[in-house]
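Have a look at the structure below, then the notes.
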Number of protein chains: 2
Amino acid sequence: MRFTSEQRLDDGVLERGFTLGEIPGFLWTPGSGTAPAPLILLGHPGGLHEMRPRLVARARHSVAAGFAAATIELPGSGGRPRSAAAEAARADLHRALAAGGPVDDGIVDRLVLPLVEKAVPEWRAALDALLRLPEIGGPVGYAGGVIAIGIRLAVVEPRISAALLFAGSFVPRTLVEEARQVTIPLQVLLQWDDEGNDRQLALDLFDAFGSEEKTMHANTGGHTGIPHFEGDEGNRFFARHLR
Amino acid sequence: MRFTSEQRLDDGVLERGFTLGEIPGFLWTPGSGTAPAPLILLGHPGGLHEMRPRLVARARHSVAAGFAAATIELPGSGGRPRSAAAEAARADLHRALAAGGPVDDGIVDRLVLPLVEKAVPEWRAALDALLRLPEIGGPVGYAGGVIAIGIRLAVVEPRISAALLFAGSFVPRTLVEEARQVTIPLQVLLQWDDEGNDRQLALDLFDAFGSEEKTMHANTGGHTGIPHFEGDEGNRFFARHLR
């Protein structure tokens with residue numbers, strides 16, 4: 001991991017850009033002089049540049065609650081090489097959505113499964129690198145989408161102790177099955193009126209999770225309308241499980 | 001309203017028993033010397049004596065967050081006169097549950113609709129009396145079950161500004177329809193594995209509520225297994241809406 005940029009945000013948060021091989025990422029920490037902080041990995045749908053304002057807002061909120069936060073670019077997003085198969089699946093998805101019809105499971109599988117296969121080892125490699133930094137210590141949480149990536153990470157990565165998942169993207173059926181193997185505490189956010197989300201599938205997924213402690217917060221509103229107060233509730237969830 | 005008992009609990013909370021005509025109730029306040037507190041009405045399934053330890057715990061939690069809390073006995077519960085029709089419906093309900101079959105809508109209607117018709121005016125009369133006390137001021141919240149009573153109160157009682165409803169009792173279909181007229185902010189608690197609760201009906205009910213701000217917290221566990229942290233989340237919900 002190589003740091004490529006560093007700036008102090010106006011609230012004192014230290015933001016550093018880094019690369020991990022070809023993968024760009026960001027790390028946000030409280031700055032110098034504090035004890036090692038538990039780490040929250042910020043999941044997102046891909047495209048660090050476009051997502052940056054929202055990611056910075058989430059990171060500030062995490063850091064204000066005593067956590068470090070980090071994220072990396074997804075395979076095939078931002079400046080990273082595109083996969084022809086994923087692009088074809090994405091085009092099929094957009095066509096299906098534009099036609100207003102249901103989205104075929106095959107399209108979701110072709111789009112999401114290779115992404116999960118490639119992204120999860122990258123998040124784990126980022127975790128290896130981040131946990132070597134002296135300013136980061138203790139347990140790790142995963143927060144955000146792509147929920148399929150969060151599911152797989154929760155199953156295979158024992159260093160992740162809790163996850164706050166955004167139900168709002170397409171989930172291959174095999175990942176819904178895989179969710180039965182998840183045992184860490186979960187908080188799942190569901191936007192009740194999310195036009196791009198299959199509500200019943202999200203409820204089935206919540207039901208499938210094997211975790212003894214799982215909570216779903218369903219709120220009125222569309223995909224990007226998660227209420228402000230859920231930021232605080234997310235911090236309190238992680239405070240219960242990462243300290 | 002006539003106060004019939006008064007005691008100071010070990011954490012300083014002042015607990016007073018009262019009667020409103022034939023209806024017994026309790027009021028919990030921070031004690032003397034504080035500003036008028038917003039009031040939270042504590043709903044329950046009936047039977048003040050049996051419910052008392054849980055009600056006192058909920059009331060203490062509310063008072064610790066700066067609210068007053070009050071409750072009254074339901075018609076046909078505790079020492080109040082039984083209704084033969086309600087008792088017959090209750091017996092039918094227990095038979096249906098014991099047989100493991102679905103509970104006929106007719107049974108639910110016969111049990112719950114007369115209860116709502118009788119209880120809601122009583123809660124409103126209690127509100128009249130409670131809001132005359134100098135130690136109570138500002139907006140009012142309703143918290144708890146019977147959810148059908150909470151729905152009707154939210155529709156007809158303009159002094160109730162927010163409600164925290166427990167999805168965990170039988171709801172007549174007409175009340176699900178009536179829920180569309182509810183517009184106050186809501187937080188709905190759903191115990192995901194509640195054996196005595198129809199999960200799909202609870203989800204349909206949440207969907208039906210007309211409120212612009214509504215949140216559902218679904219947690220693993222059975223009817224009485226609401227996680228401890230939901231107490232704090234309830235207080236924060238009311239703090240957002242009753243101050």
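This structure is a prediction, so every number in the text was calculated from the model and none was measured. In the text below, chain A, chain B and the rest are named by the order of the sequence lines, each starting its count at 1. Hydrogens, waters and symmetry mates play no part in the numbers below; they use all other heavy atoms, side chains included.
- Residues A:Leu205 and A:Leu175 fail the side-chain proximity criterion, which asks for heavy atoms closer than 4.5 Å.
- Using a 4.5 Å cut-off on side-chain heavy atoms (C-beta onward), A:Leu27 and A:Ile136 make contact.
- Here the straight-line distance linking atom OG1 of B:Thr71 with atom CZ of B:Phe26 works out to 9.5 Å at 0.5 Å rounding.
- Proximity to chain B (any heavy atom under 4.5 Å) is shown, for A:Asp193, by neither the backbone nor the side chain.
- At least one side-chain heavy atom of B:Leu39 sits under 4.5 Å from a side-chain heavy atom of B:Leu127.
- Without hydrogens or angle criteria, A:Ser211 side chain to A:Ile184 main chain gives a donor-acceptor distance under 3.5 Å.
- Interface residues of residues 233-243 of chain A toward chain B, defined by a heavy-atom distance below 4.5 Å and sorted by number: A:Glu233, A:Arg236, A:Arg240.
- A:Arg90 meets the side chain to side chain donor-acceptor pair (under 3.5 Å) test with no other residue; sequence neighbours excluded.
- Residues B:Lys214 and B:Phe206 share a closest heavy-atom pair of NZ-O, 2.8 Å.
- When heavy atoms are compared at a cutoff of 4.5 Å, A:Leu190 does not approach chain B at all.
- Within 6.0 Å of atom CZ in B:Arg173, 12 or fewer heavy atoms from other residues, nucleotides or ligands are found, so the atom counts as exposed in its surroundings.
- Using a 30° and 60° split on the angle between ring planes, B:His217 and A:His217 fall in the parallel class, below 30°.
- With a 4.5 Å cut-off on side-chain heavy atoms, B:Leu111 and B:Phe170 do not count as touching.
- In this structure, the portion of B:Glu230 lying under 4.5 Å from any heavy atom of chain A is its side chain and not its backbone.
- Among residues 54-69 of chain B, no residue has any heavy atom closer than 4.5 Å to a heavy atom of chain A.
- Contacts with chain A were tallied for B:Leu203, B:Asn219, B:Asp207; B:Asp207 has the most, counting heavy-atom pairs under 4.5 Å.
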Check residues 145-158 of chain A and write down every donor-acceptor pair under 3.5 Å in which the side-chain atom is one partner and the other belongs to a residue at least two apart or another chain.
residue	atom	partner	partner atom	Å
A:Arg152	NE	A:Glu178	OE2	2.5
A:Arg152	NH1	A:Glu117	OE2	3.3
A:Arg152	NH2	A:Glu178	OE1	3.2
A:Glu157	OE1	A:Arg124	NE	2.7
A:Glu157	OE1	A:Arg124	NH2	3.3
A:Glu157	OE1	A:Arg159	NH2	3.2
A:Glu157	OE2	A:Arg159	N	3.0
A:Glu157	OE2	A:Arg159	NE	2.8

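- No part of A:Phe209 comes within reach of chain B, as not one of its non-hydrogen atoms sits under 4.5 angstrom from that chain.
- Put simply, the side chain of B:Gln187 never gets that close to the backbone of B:Thr215: no donor and acceptor are under 3.5 Å apart.
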